[in-house]
Visitor: 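A single structure is presented below for examination.
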Amino acid sequence: MSYDPQNIFARILRGEIPCKKAYEDAHVLAFHDIHPQAPTHVLVIPKGAYVSFDDFAAKGSDEEIAAFVRATGKIAREAGVAETGYRLLANIGPDSHQEVPHFHVHIVGGRSLGPLLVKS
Ligand code: 5GP
């Protein structure tokens with residue numbers, strides 16, 4: 001799948017659409033999900049053009065990957081969920097129902113989250 005520069009997160013990165021920013025550095029932007037599923041629901045995205053975790057893991061530089069992992073931990077700690085626990089979630093491709101084709105990790109927490117997957 002090739003990267004679509006018109007996807008909504010690319011537009012947020014370009015400042016064309018507003019977001020409620022939680023964190024930013026040279027490689028990473030994080031913002032609050034527009035439809036939060038828990039008291040804390042933050043989306044962490046690399047600034048580079050990667051479609052999914054699969055794409056990022058294959059093509060991201062070591063610097064981008066290290067920055068992303070470090071930032072994700074820091075954002076969760078600063079959101080106050082590191083002590084009580086949280087879930088990291090990344091949807092990748094059709095079976096996962098990935099909605100936005102720019103790699104993102106959801107940080108979800110602030111309440112007991114229940115089972116990992118809903119039975120279909
Ligand atoms: P996915 O299913 O791709 O893993 O999750 C995409 C997430 O992006 C969803 O949780 C959805 O609520 C969120 N989202 C979609 N559009 C926007 C937007 O314009 N702004 C923000 N902040 N979140 C969005």
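Here the structure is a predicted model, which is why all the values come from computation and not from measurement. Residue numbers start at 1 and run along the sequence shown. We count ligands from 1, going down the list as the structure has it; atoms in each ligand are counted the same way.
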Visitor: Does atom NZ of Lys47 have more than 12 heavy-atom neighbours, drawn from other residues, nucleotides or ligands, at distances under 6.0 Å?
Guide: yes
Visitor: Quick check: do Val105 and Leu89 have side-chain heavy atoms less than 4.5 Å from each other?
Guide: no
Visitor: Check each protein residue for a heavy atom under 4.0 Å from ligand 1 and list those that pass, ordered by chain and number.
Guide: Ile8, Phe9, Ile12, Phe31, His32, Asp33, Ile34, His35, Leu43, Asn91, His97, Gln98, Glu99, Val100, His104, His106
Visitor: Using a side-chain heavy atom cutoff under 4.5 Å and only I, L, V, M, F, W and Y, what cluster partners does Leu116 have?
Guide: Leu117
Visitor: Could you tell me which residues satisfy ring pair (Phe, Tyr, Trp, His ring centres under 6.0 Å) with His27, sequence neighbours excluded, listed by chain and number?
Guide: none
Visitor: Please give the remaining members of the hydrophobic cluster of Phe31, linking ILVMFWY side chains under 4.5 Å, ordered by chain and number.
Guide: Ile8, Phe9, Ile12, Leu13, Ile17, Leu29, Leu43, Ile45, Val100
Visitor: Sub-3.5 Å donor-acceptor pair from the side chain of His41 to the main-chain atoms of Pro39, do we have one?
Guide: no
